[in-house]
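This structure is a prediction, so every number in the text was calculated from the model and none was measured. In each ligand, atom 1 is the first atom listed, and ligand 1 is the first ligand listed.
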Amino acid sequence: MSSTQQYREQSKEKLVIFDTTLRDGEQSPGASMTKDEKIRIAKALEKMRVDVIEAGFAISSQGDFEAVQAIANTITESRICSLSRAVRGDIERAAEALKGANAGRIHTFIATSPIHMKHKLQMEPDQVLEQAVGAVKIARGLIDDVEFSLEDASRTEFDFMCRITEAVINAGAGTINLPDTVGYADPAEYGSMIRRLLNTVPNADKAIFSVHCHNDLGLAVANSLNAVQAGARQVECTINGLGERAGNASLEELVMAIRTRRDVFPVTTDIDTVHIVPTSRLVSSITGFPVQPNKAIVGANAFAHESGIHQDGILKFRETYEIMKAEDVGWSTNRLTLGKLSGRAAFAARLEELGISFDSKEEFGEAFTRFKELADKKREIFDEDLQALVSDVQLGTQGDALTLIDLEVLSKTGQSPLAKIGIRYKDKDHSAEASGDGAVDAIFNAIEKLVNSETKLQLYSVNAVTQGTDSQGGVTVRLEKAGRIINGQGADTDILLASAKAYLNALTLMRNPGRLHPQLGGV
Ligand code: KIV
Ligand code: ZN
């Protein structure tokens with residue numbers, strides 16, 4: 001960048017990057033994460049210099065409360081936020097979880113569209129306004145940074161939107177968020193809504209206007225960018241576009257659009273983009289949501305040039321076909337981490353760099369043993385291998401975990417495969433055998449003989465954790481029970497072992513109590 005360009009960048013307004021992977025992202029069916037996993041993701045987001053991390057919805061469950069609290073106590077560089085409905089109990093719980101934060105924010109919300117007010121809340125607009133103002137005042141009594149969201153703003157009547165916005169700013173909200181909750185907006189319409197609101201609300205200059213777009217029509221990033229052109233100065237987004245239904249606006253696409261087209265956007269972000277790809281992989285491995293190969297920025301093909309003509313152009317002059325550099329988003333980070341000869345110190349140091357810590361020496365010891373076993377089977381151990389291994393150890397050492405201790409599978413042409421399985425539960429060993437349509441089916445049937453979980457298998461998928469034929473297979477198993485959906489992950493160089501681990505991990509997670517969904521009616 002030339003010095004004139006640098007000057008222009010410095011004089012641009014800052015766009016606040018608000019990441020909600022740990023809250024809205026976790027609302028994707030099956031994407032629930034453990035407290036330790038959330039802390040790892042929060043550390044990666046902090047490293048990337050995300051401004052605000054929405055760590056969860058504190059009232060929704062004891063687990064969510066503890067995760068928000070642990071993240072608030074750990075992260076120092078990013079602001080930590082907890083969601084709360086516009087009711088005293090939620091707001092006080094959020095404040096309690098955020099007590100240890102260096103910088104905290106309460107994000108309170110209520111629906112404002114006619115359809116939500118009438119059918120979901122069964123409230124009159126004036127009651128909604130009164131509740132919104134009351135909630136912001138309660139929150140401001142507990143913390144000095146309060147964000148207010150008008151849920152379903154894109155379908156809210158404009159005059160009401162102005163009234164409520166003005167009132168909550170007067171009550172002390174510093175950020176006003178205008179979500180396109182159902183992904184219904186069109187970019188031009190959404191941008192003009194933001195512009196008109198900024199020009200109409202008399203105290204608009206006292207708050208930052210924020211956008212939060214869902215991707216039901218594939219327009220979340222376009223809508224957010226148009227809103228930024230219109231004056232929004234905070235965008236809410238998630239890694240890999242994870243989120244409720246079709247997901248939220250993707251952080252990596254927003255940030256790279258703003259950076260690559262700095263000639264078009266009047267803002268700049270503080271994001272350290274080289275951490276984008278490693279964070280994307282971390283989120284994918286923890287949630288079991290693979291990244292599609294052609295996904296912008298973080299997909300495996302995003303910088304791959306297949307055709308001869310393109311390759312020729314790139315070799316002659318890179319910019320002929322590349323508008324961004326792969327290394328700027330972290331593709332060329334040297335991911336080769338450890339090998340067979342690496343000792344405890346090197347292992348511990350790499351884990352620390354990855355933001356991984358263990359609750360006990362036993363857990364660390366178990367992880368090191370697993371690492372050595374893996375290094376015997378696989379010459380090169382990458383960060384992704386470590387991430388997969390750590391999730392498994394952290395979950396496996398929980399007191400009520402179902403742990404695989406033994407597996408034998410007999411598979412012969414023309415015969416039904418037979419699986420014999422041994423599992424440990426609360427220090428007792430159990431075994432069973434079963435046949436099935438295939439080897440994986442036989443394994444799951446054998447587990448079910450012991451557990452009888454009454455769950456339904458919704459999805460089974462295998463992806464290579466890294467490249468090469470010695471790669472670990474990363475298996476995701478999605479189970480459903482009484483409307484609750486859980487993803488379990490397992491990784492191993494043997495995909496049958498990975499499948500058994502994934503199934504057992506999903507069953508272990510299914511035993512944890514469920515969470516309250518923030519957007520259900522009846523506040
Ligand atoms: O989509 C939405 O409206 C939300 C709010 C709770 C901010 O997630
Ligand atoms: Zn949302």
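Atom numbering of ligand 1 starts at 1 in the shown order; those under 4.0 Å from a heavy atom of Glu151 are 3 (O). Contact atoms of ligand 1 toward Pro179: 2 (C), 3 (O) (distance under 4.0 Å to a heavy atom of the residue).
Residue contacts with ligand 1: Glu236 is excluded, as none of its non-hydrogen atoms falls under 4.0 Å. Heavy-atom separations between Ser149 and ligand 1 include at least one value shorter than 4.0 Å. Residue Arg23 places a heavy atom less than 4.0 Å from ligand 1.
Remark: the Glu147 side chain and the Gln234 side chain contain an N/O donor-acceptor pair separated by less than 3.5 Å. Residues Thr181 and Asp152 have side chains that never bring a donor and an acceptor to within less than 3.5 angstrom of each other. Residues His107 and Ser149 bring a donor and an acceptor atom of their side chains to less than 3.5 Å of each other.
Of the N or O atoms in His212, one or more lie within a sub-3.5 Å distance of an N or O in ligand 1. Taking distance alone, with nitrogen or oxygen atoms compared against 3.5 Å, His214 approaches ligand 1 more closely than that limit. Ligand 1 has no nitrogen or oxygen under 3.5 angstrom from a nitrogen or oxygen of His107. The N/O atoms of Asn177, backbone and side chain alike, include none that comes under 3.5 Å of an N/O atom in ligand 1.
Distances under 2.8 Å from the Zn ion (ligand 2) pick out the protein N/O/S atoms Asp24 OD2, His212 NE2, His214 NE2.
Under the 4.5 Å side-chain criterion, counting only non-hydrogen atoms from C-beta, Ile106 is in contact with Ile91.
No side-chain donor-acceptor contact under 3.5 Å links Ser391 to the backbone of Ala388. With hydrogens and angles ignored, the 3.5 Å screen pairs a side-chain donor or acceptor of Arg140 with a backbone N or O of Gly172.
Counting non-hydrogen atoms of other residues, nucleotides and ligands closer than 6.0 Å to CD of Gln62 gives a total above 12.
Closest protein heavy atom to atom 4 (C) of ligand 1: Gln519 NE2, 3.3 Å. Atom 3 (O) of ligand 1 has Thr181 OG1, 2.6 Å as its closest protein atom, hydrogens excluded (heavy atom only).
Residues that satisfy the side-chain contact (heavy atoms from CB on, under 4.5 Å) test with Glu77, not counting sequence neighbours, are Glu46. For Ser250, the side-chain contact (heavy atoms from CB on, under 4.5 Å) partners two or more places apart in sequence, or in a different chain, are Glu252, Glu253, Lys295. For the salt bridge (Lys or Arg N to Asp or Glu O under 4.0 Å) test, residues two or more places apart in sequence or in another chain that qualify with Glu13 are Arg233.
Heavy-atom minimum distance, Val277 versus Val298: CG2-CG1, 4.2 Å.
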